[in-house]
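One structure is given here, and the rest of the page talks about it.
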Amino acid sequence: MKTKYERMKSYEKKKLIELYKKTSAGKVMMIRLLRLNIIGALLIIYAIYMFVSDIKNLHWSNYLISIPIACVGLFFIIMSYRLRKKVLNQFAIKNK
């Protein structure tokens, strides 16, 4: 089932995000969500680096370390977007 935020047009979403960023809670939340995205991207890059750096001598320990790190990074990115959508939907409902 689509939320109110998902049913909005793109210009309405942009306007809602601008209004949300002007609130004190919105400033803090957007910084936290950006931080989660950056951490997730760095984790994925680090996992790829670990995997590629020893490509000639791959051991099971490389798989055991790099795959969970990449999964955690992907989880951070996905959950930050889901949390952003949830918070913006609640803001849209609250401020009709």
Side-chain angles (χ1 to χ4, degrees):
M1 187 158 168
K2 289 190 173 184
T3 60
K4 182 174 182 169
Y5 178 73
E6 289 175 341
R7 287 182 274 148
M8 289 179 159
K9 295 184 176 21
S10 63
Y11 66 89
E12 292 173 335
K13 287 180 182 180
K14 287 179 184 178
K15 198 179 288 187
L16 181 73
I17 290 171
E18 288 175 11
L19 288 175
Y20 185 67
K21 284 182 180 179
K22 290 180 182 177
T23 64
S24 60
K27 290 177 187 176
V28 173
M29 182 60 75
M30 289 300 180
I31 291 172
R32 288 181 180 179
L33 292 174
L34 178 66
R35 189 181 316 141
L36 277 177
N37 283 334
I38 291 171
I39 290 171
L42 289 176
L43 284 173
I44 290 173
I45 291 170
Y46 182 69
I48 291 171
Y49 170 75
M50 282 182 56
F51 187 74
V52 172
S53 66
D54 291 329
I55 199 112
K56 294 178 184 174
N57 302 324
L58 282 180
H59 299 291
W60 62 271
S61 61
N62 290 8
Y63 293 113
L64 191 64
I65 294 171
S66 63
I67 291 174
I69 289 175
C71 290
V72 168
L74 188 64
F75 177 75
F76 276 16
I77 291 171
I78 291 170
M79 292 310 290
S80 71
Y81 283 112
R82 289 185 67 191
L83 182 61
R84 178 182 177 191
K85 186 173 74 171
K86 181 180 176 183
V87 167
L88 289 173
N89 185 51
Q90 289 175 349
F91 185 74
I93 291 171
K94 182 178 157 187
N95 297 332
K96 296 180 181 181

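Heads up: numbering here begins at 1 and tracks the sequence.
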Consider only side-chain heavy atoms of I, L, V, M, F, W and Y, link residues closer than 4.5 Å, and tell whether I44 and V52 are in one cluster. yes
Looking only at heavy atoms, what is the nearest atom pair of K27 and K22, with distance? CE-O, 4.0 Å
Rounding to 0.5 Å, atoms NZ (K86) and CG (N89) come to a distance of 10.0 Å
If hydrophobic clusters are built by linking Ile, Leu, Val, Met, Phe, Trp and Tyr wherever their side-chain heavy atoms come under 4.5 Å apart, do L43 and I77 end up in the same one? no
Hey, mind stepping through F91 and L19 against side chain to side chain contact (heavy atoms under 4.5 Å, CB included) and telling me if it holds? CA-CA 9 Å; F91 185 74; L19 288 175; 4.0 Å; yes
For K85, salt bridge (charged side-chain N to carboxylate O under 4.0 Å, His left out) partners two or more places apart: E6
Once rounded to the nearest 0.5 Å, what's the spacing between atom CE of M29 and atom OG of S80? 11.0 Å
Atom pair OH/CG of Y81 and L36 - distance to nearest 0.5 Å: 11.0 Å
State, yes or no, whether a side-chain contact exists between K4 and R7 at a heavy-atom distance under 4.5 Å. yes
From I93 CD1 over to L88 CG, what is the distance, rounded to the nearest 0.5 angstrom? 11.5 Å
Are Y46 and F51 linked, directly or through intermediate hydrophobic residues, by side-chain heavy-atom contacts shorter than 4.5 Å (ILVMFWY only)? no
If you count heavy atoms of other groups shown closer than 6.0 angstrom to NZ of K13, is the number above 12? yes
M79, L34: one ILVMFWY side-chain cluster at the under-4.5 Å cut-off? no
Step by step, work out the side chain to side chain contact (heavy atoms under 4.5 Å, CB included) result for Y5 and I17. CA-CA 10 Å; Y5 178 73; I17 290 171; 3.7 Å; yes
Could you give the side-chain donor-acceptor pairs of residues 62-76 under 3.5 Å, partners two or more places apart or in another chain?
unit_1 : atom_1 : unit_2 : atom_2 : d
S66    : OG     : N62    : O      : 2.7

For I45, side-chain contact (heavy atoms from CB on, under 4.5 Å) partners two or more places apart: none
